[in-house]
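Everything quoted here is computed from the prediction, not taken from an experiment. Side chains included, hydrogens not; waters and symmetry mates left out as well; all remaining heavy atoms used.
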Amino acid sequence: MTSPSGSKTPSDDSPLPARPRLIATDLDGTLLHDDKSVSDRTVKALAAAEEAGIEVFFVTGRPARWMGVVSDHVHGHGMAICANGAAVVDLHADGKLIQDRALDRAVALDVVRALRDAAPGTSCAVETSTGIHYEPSYPRFEDDPGASLDTAEELLREPGAGAAGAPVLKLLAHHPELTPDGFLALARTVAGDRATITRSSPTALLEISGLGVSKASTLALCCAERGVSSDEVVAFGDMPNDLEMLTWAGTSYAMANAHPDVLAAASGHTATNNEDGVALVIEQILARL
């Protein structure tokens, strides 16, 4: 069966578990339309899943302050996994940080230096639990007009004695000329033994977390707390930062608009984000209960 645009949609023999207990979905390029909206169909599907006793987790690279697009659609527990697994936040409490898996500042600075040596022209930004901070040459996000500017050395400087400092959730690295996948491969070669390096942007923008920190590893922790096994999880994604989550989950779906590596790794495919591919699968799940 195909969608109106010709993309493949799930068929009746799609690899759905008998009764999943948790749905984990990425946001940008997956649950959200390209205009960053959540369709009425998707809102209805999410609510129906929760009513059927299936928990829904938003698992995203976004920081907590950018979760307003879905904060009204979180039911029950209210928690979301943000910053590619570096933060668990309570959306019922305005994105309050419940747990962080911080990137060590000294390690982050070591990664910055390795990237600059390997790819001159690299600029960086530092995402902390309280906001984002840029190097002057880094292309800034319109959503954060009040962010501070400084060198990576200053942004990652260890707090003074007695000062806790905000946890570093992600280091961002941008290159103006390299291809996105080329920059990712290079970064993993020169610094992949010190940090988790991935990407979700169509530009050469890397997202760097503490070693072992990913959407998958934090989702696994949250599931373990609930007694949920990976076989009881259905996951959705579209970009390389979703790969570990999609391979960890017992059942996974790549959006039709997904990166080729994601399409190859997922156990199933669904329609594009603009065609409500996540809602389509949820509707199939609920119809089989």
Notebook entry, point to check: Rounded to the nearest 0.5 Å, how far apart are CG of Leu243 and OG of Ser214?
Noted result: 10.5 Å
Check: In terms of the angle between their ring planes, are Tyr253 and Phe236 parallel, tilted or perpendicular, with boundaries placed at 30° and 60°?
Finding: parallel
Notebook entry, point to check: Looking at Thr122, Leu206, Leu178, Ile197, which one forms a side chain to side chain contact (heavy atoms under 4.5 Å, CB included) with Leu186?
Noted result: Leu178
Notebook entry, point to check: Among side-chain atoms of Asp238 and Thr30, is any donor-acceptor pair under 3.5 angstrom?
Noted result: yes
Item checked: Atom CG of Asp40: over 12 foreign heavy atoms under 6.0 Å -> no
Note to self: Under a 3.5 Å distance rule, please check whether Tyr134 uses its side chain to pair with a backbone N or O of Thr151 as donor and acceptor.
What the structure shows: no
Check: Under 3.5 Å, side chain of Ser267 to main-chain N/O of Ser252, donor-acceptor pair present?
Finding: yes
Next item on the list: Check for a donor-acceptor pair, side chain of Thr189 on one end and backbone N or O of Ala185 on the other, with a separation under 3.5 Å.
Entry: yes
Margin query: Whether Glu232 and Arg226 form a salt bridge (side-chain N of Lys/Arg under 4.0 Å from carboxylate O of Asp/Glu) is what I want to check.
Written below: no
Checklist line | Any donor-acceptor N/O pair, Thr218 side chain to Lys215 backbone, under 3.5 Å | finding: no
Checklist line | Test item: Thr60 side-chain N/O and Cys82 main-chain N/O as donor-acceptor pair under 3.5 Å | finding: no
Item checked: Electrostatic pair Lys44:Glu50 at N-O distance under 4.0 angstrom -> no
Margin query: Under a 3.5 Å cutoff, is there a donor and acceptor pairing between the side chains of Ser37 and Asp35?
Written below: yes
Next item on the list: Would you mind checking if Glu153 and Arg116 are paired as a salt bridge, meaning a charged N to carboxylate O distance below 4.0 Å?
Entry: yes
Check: Is the backbone N or O of Asn273 less than 3.5 Å from a side-chain atom of Asn257, with the two atoms forming a donor-acceptor pair by type?
Finding: yes
